[in-house]
Amino acid sequence: MTLYIGREASKLWKRICSETTTEINLLLDNWKYLLAGLIFQYIHGLAARGVHYLHRPGPTLQDLGFYILPELGQDKAYISETVFTFVFLSFLLWTFHPFIFKSKKIYTVLVWCRVLAFLVASQILRIITFYSTQLPGPNYHCREGSKLARLPKPESVLEVLLINFPRGVIYGCGDLIFSSHMIFTLVFVLTYQKYGTRSFIKHFAWLVAIVQSLLIVASRKHYTVDVVVAWYTVNLVVFFIDKKLPELPDRSSGSLPMLLPLSTKDKDSKTKEENHKLLNGNSVDPADWV
């Protein structure tokens, strides 16, 4: 038994080392896209902080979802956040599963480049919507009488840039007409729908997304329209951007193509290399093109 455990541990360690080497090479090629996506997450938070200064509390708008769904109450607001945290952590762990499991269909770096592209495009549309029209927030801390409903004029630029994370994000107001939590949830679910391998998890993921939508409205964190807009907009964004990006490589082929199309300079270099091989009588390996 001890010998078997030692042998399996050795295989696992070799697998982790091999995968780490592969992912580091991909990271060196694609770090700009990852960094840009991460920087935009801060910009998105900064935009949400900025619109909070413009927020003016008022009567809660008439909403069909508020009539249909029972109100959870301020003391149960944690339920939707707990579900979102579960979705986020589950997806995060899944993207790193190639480091552990033998059945590997994705490259972690390439998947996150794709996911961040979906998030950035959706968040740009979200920023445009909540700056176009400011609505009175339905959340409890955004209502008239709450000290958090209106932010005092900032005393310095630094106060705005720091966005009071994470409190400023959790207790934000005014970033409506598009649910941020639903953007993340739907992007994660759609990504697993395409690259995941377990059908029952795919069905469960869609069920969780529906439950998350209902909880957001029941918690009065967003209006129903915010959830509805997220559902059809994120699906359209993912559909069109996914068609523009090249397909992720099949891991069984062992090839590692770039996430984005090659530049003209790179193409010329590849062409010269292929011509050199042809002149020397060597066959051209398709892997040389990646």
Side-chain angles (χ1 to χ4, degrees), residues 44-45 47-49 51-52 55-92 119 122-123 125-127 129-130 133-151 165-193 200-238:
H44 175 250
R49 176 70 171 178
V51 80
H52 195 168
H55 178 258
R56 294 296 178 266
T60 303
L61 302 180
Q62 182 176 329
D63 191 284
L64 181 62
F66 292 179
Y67 285 112
I68 296 175
L69 296 174
E71 188 172 354
L72 288 179
Q74 194 169 4
D75 59 328
K76 294 184 176 64
Y78 69 90
I79 297 178
S80 64
E81 291 296 331
T82 302
V83 173
F84 175 74
T85 302
F86 167 75
V87 172
F88 186 91
L89 293 179
S90 298
F91 182 80
L92 179 66
L119 290 176
S122 299
Q123 289 166 338
L125 294 176
R126 181 172 188 258
I127 292 171
T129 57
F130 64 61
T133 303
Q134 285 85 50
L135 300 177
N139 213 332
Y140 302 103
H141 63 268
C142 298
R143 299 176 185 178
E144 193 71 60
S146 171
K147 295 181 180 179
L148 299 173
R150 295 172 180 244
L151 287 182
F165 184 84
R167 183 178 175 83
V169 175
I170 297 174
Y171 293 102
C173 296
D175 51 336
L176 300 170
I177 317 179
F178 213 149
S179 170
S180 178
H181 280 29
M182 288 311 302
I183 290 177
F184 281 91
T185 299
L186 290 171
V187 165
F188 293 164
V189 171
L190 288 166
T191 303
Y192 187 82
Q193 177 69 31
F200 75 92
I201 296 182
K202 294 179 182 181
H203 295 351
F204 178 71
W206 283 112
L207 177 62
V208 171
I210 294 172
V211 171
Q212 173 77 357
S213 302
L214 298 176
L215 286 173
I216 288 174
V217 177
S219 300
R220 305 301 189 255
K221 293 183 177 180
H222 278 279
Y223 293 108
T224 305
V225 67
D226 303 337
V227 175
V228 173
V229 169
W231 267 93
Y232 68 74
T233 305
V234 173
N235 277 278
L236 288 173
V237 166
V238 171

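This is a predicted model, so every value here is computed, not measured. Starting from 1, each residue takes its place in the sequence as its number.
- Distance check, rounded to the nearest 0.5 Å: CG of Leu125 to CD1 of Ile177 gives 12.5 Å.
- Under the 4.5 Å side-chain criterion, counting only non-hydrogen atoms from C-beta, Met182 is in contact with Ile216.
- The side-chain heavy atoms of Ser90 and Tyr192, taken from C-beta on, include no pair separated by under 4.5 Å.
- Remark: Arg220 fails to qualify as a cation-pi partner of Tyr140 under the 6.0 Å distance and 45° angle criteria applied to the six-membered ring.
- Between Ile210 and Trp231 the shortest side-chain heavy-atom distance falls below 4.5 Å.
- Taking CG from Asp175 and CZ from Arg126, the interatomic distance works out to 4.5 Å, rounded to the nearest 0.5 Å.
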Would Val87 and Gln212 satisfy side chain to side chain contact (heavy atoms under 4.5 Å, CB included), going step by step from the backbone distance to the final call? CA-CA 10 Å; Val87 172; Gln212 173 77 357; 5.8 Å; no

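- Between Cys173 and Val51 the shortest heavy-atom distance is O-CG1, 3.8 Å.
- Note on ring orientation: taking the six-membered ring where Trp is involved, the planes of Phe184 and Phe188 are perpendicular (angle over 60°, cut-offs 30° and 60°).
- Side-chain contact between Gln123 and Phe178 is absent, with no heavy atoms from C-beta onward closer than 4.5 Å.
- With hydrogens and angles left out, the side-chain atoms of His181 and Glu81 include a donor and acceptor closer than 3.5 Å.
- Of all non-hydrogen atoms in Leu135 and Leu176, the two that sit nearest each other are O-CD1, 3.5 Å.
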Assess whether side chain to side chain contact (heavy atoms under 4.5 Å, CB included) is satisfied between Trp206 and Leu190, documenting all intermediate values. CA-CA 9 Å; Trp206 283 112; Leu190 288 166; 3.5 Å; yes

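- Minimum interatomic distance between Phe130 and Ala47 (heavy atoms only, all atoms of both residues): CE1-O, 3.8 Å.
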For the pair Val229 and Thr129, evaluate side chain to side chain contact (heavy atoms under 4.5 Å, CB included) and give the outcome as yes or no after the intermediate values. CA-CA 10 Å; Val229 169; Thr129 57; 5.8 Å; no

Please step through side chain to side chain contact (heavy atoms under 4.5 Å, CB included) for the pair Thr60 and Tyr223, ending with a clear verdict. CA-CA 9 Å; Thr60 303; Tyr223 293 108; 3.8 Å; yes

